[in-house]
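Remember, it's 1-based here, ligands and their atoms both numbered in the order they're listed. No experiment lies behind these values; they were computed from the predicted model shown.
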Amino acid sequence: MCEFLPVKSIINILCPVSPRPRCCRMVLCAVRRQLLSSSSSSSGGAWARLLHRHSSGCVHTNVHDFNQDEIREKLQAFPGGSVDLLKQESGVAVLTVNNPSRMNAFSGSMMVDLEERVSQLESWTDGKGLIVQGAAGTFCSGSDLNAVRAISNPQDGMKMCMFMQNALTRLLRLPLISVALVEGRALGGGAELTTACDFRLMASDSVIQFVHKHMGLVPGWGGAARLVRTVGSQNALKLLGGARKVDAELGLQIGLADAVLEVPRAEEGAGTQLQQAEDWLSRYTKGPAPVIRAVKKVVLSGRELPLSEALRTEKDVFGTVWGGPANLHALASKSKHR
Ligand SMILES: CCCC(=O)SCCNC(=O)CCNC(=O)[C@H](O)C(C)(C)COP(=O)(O)OP(=O)(O)OC[C@H]1O[C@@H](n2cnc3c(N)ncnc32)[C@H](O)[C@@H]1OP(=O)(O)O
């Protein structure tokens, strides 16, 4: 995955017309000089990265041959199932991977659906939280093996991989606090999907398993990189190298699971697992959206950026809430934190 946009591409974004007017050429020369001279400094790099993200919203645009539209068209040739989004007034949305006849395996069109739903969530300014679940009591059995067989050539495999890395990276970077509600099985790409959420809640009888090794593969949707950051490299090596089944107990022990949900028993009044997930998440999504979103942004920048850049981002995000309505209200109410 490339983080930096080449200087040439930045220049093209700033002035896409050709031939460029003389006045434009002079300004662009100065910009190019500045970018090249500061490319080794963190501020130049940060600026280039920022431009890159803002210009495309896409993680892979600077990788040779990555053409989102072309890949979308290819993926649409493998239809079936859907990825559904329900935005609720509470500010918590529910994203459902829905292909129950194949244990919620991802068809090609579902990959395209997923990317579209992520785009919708990116522009949902009132959002605070997200629950990702599978339909009909099981999470997701990875990519649809019928589609995998049909696109088993390396070129198409790479394209699918980049498409899903892009969609899942954007999912994790949403300014929403996200949780994967794992019921039944999360296998292969399904296990990778759980790592694209901030938290994982496992039903007591559920299993997360990176079965890639058994398929002669390694994760390709960004799941290995995220798994290492979540459970550490030793545990990640065990889970990937042994294709080890992670039940709820092991999940809690290694930090892959954040909580285990009760088996719902109507007579005892335990809510459905979705209701339990909403209750669990509510401790983090209680409060005004700008504050919750700011929390996610500072944690995200702390996780992804070098310290100097993370500190700068933290300052910028702080500036968006300092003196804001929630801050002024708290000051006026002289709240005590006992
Ligand atoms: C970079 C991404 C890498 C990947 O994700 S590779 C894919 C990894 N996933 C797998 O290999 C899952 C293979 N499936 C299984 O192990 C089992 O089906 C599974 C999920 C444990 C469920 O077992 P059972 O409860 O016994 O149910 P079952 O096998 O009869 O499955 C019910 C129907 O679902 C289908 N299914 C399950 N997983 C699928 C998949 N990934 N792609 C396509 N179809 C899939 C399965 O073929 C069966 O369909 P049918 O009833 O025979 O028509």
query: Can you check whether a protein heavy atom sits less than 4.0 angstrom from atom 34 (O) of ligand 1?
result: yes

- prompt: How about atom 11 (O) of ligand 1: does it have a protein heavy atom within less than 4.0 Å?
  reply: yes

- prompt: atom 6 (S) of ligand 1: which of G216, G190, S143 has the nearest heavy atom?
  reply: S143

task: Could you tell me whether atom 41 (N) of ligand 1 has a protein heavy atom closer than 4.0 Å?
output: yes

task: Report the member of G220, G157, G189, P100 with the shortest heavy-atom distance to atom 5 (O) of ligand 1.
output: G189

Heavy-atom side-chain contact between L114 and L95 under 4.5 Å: yes

message: Surrounding CZ of R303 (heavy atoms of other residues, nucleotides or ligands, distance under 6.0 Å), is the total greater than 12?
response: yes

message: Among all protein heavy atoms in this structure, tell me which lies nearest to atom 46 (C) of ligand 1, with the distance rounded to 0.1 Å.
response: S101 O, 5.0 Å

- prompt: Who's closest to atom 16 (O) of ligand 1 heavy-atom-wise, of V211, L187, N104, V207?
  reply: L187

field: Polar side chain donor-acceptor pair, S206 to E183, under 3.5 angstrom
entry: no

- prompt: Restricting to pairs with a member in residues 134-155, which pass salt bridge (charged side-chain N to carboxylate O under 4.0 Å, His left out), not counting sequence neighbours?
  reply: R102-D144

message: I want to confirm something. Looking only at heavy atoms, which of N99, L145, V218 is nearest to atom 7 (C) of ligand 1?
response: L145

- prompt: Does a side-chain heavy-atom distance below 4.5 Å link D316 with T320?
  reply: no

query: At a 4.0 Å cut-off, with the gap strictly under it, does some heavy atom of M160 reach an atom of ligand 1?
result: no

field: Pairs involving residues 207-222, ordered by first then second residue, that meet side chain to side chain donor-acceptor pair (under 3.5 Å) (sequence neighbours left out)
entry: E192-H212

message: Is there a continuous path of hydrophobic side-chain contacts, each under 4.5 Å between heavy atoms, that joins V207 to L201?
response: no

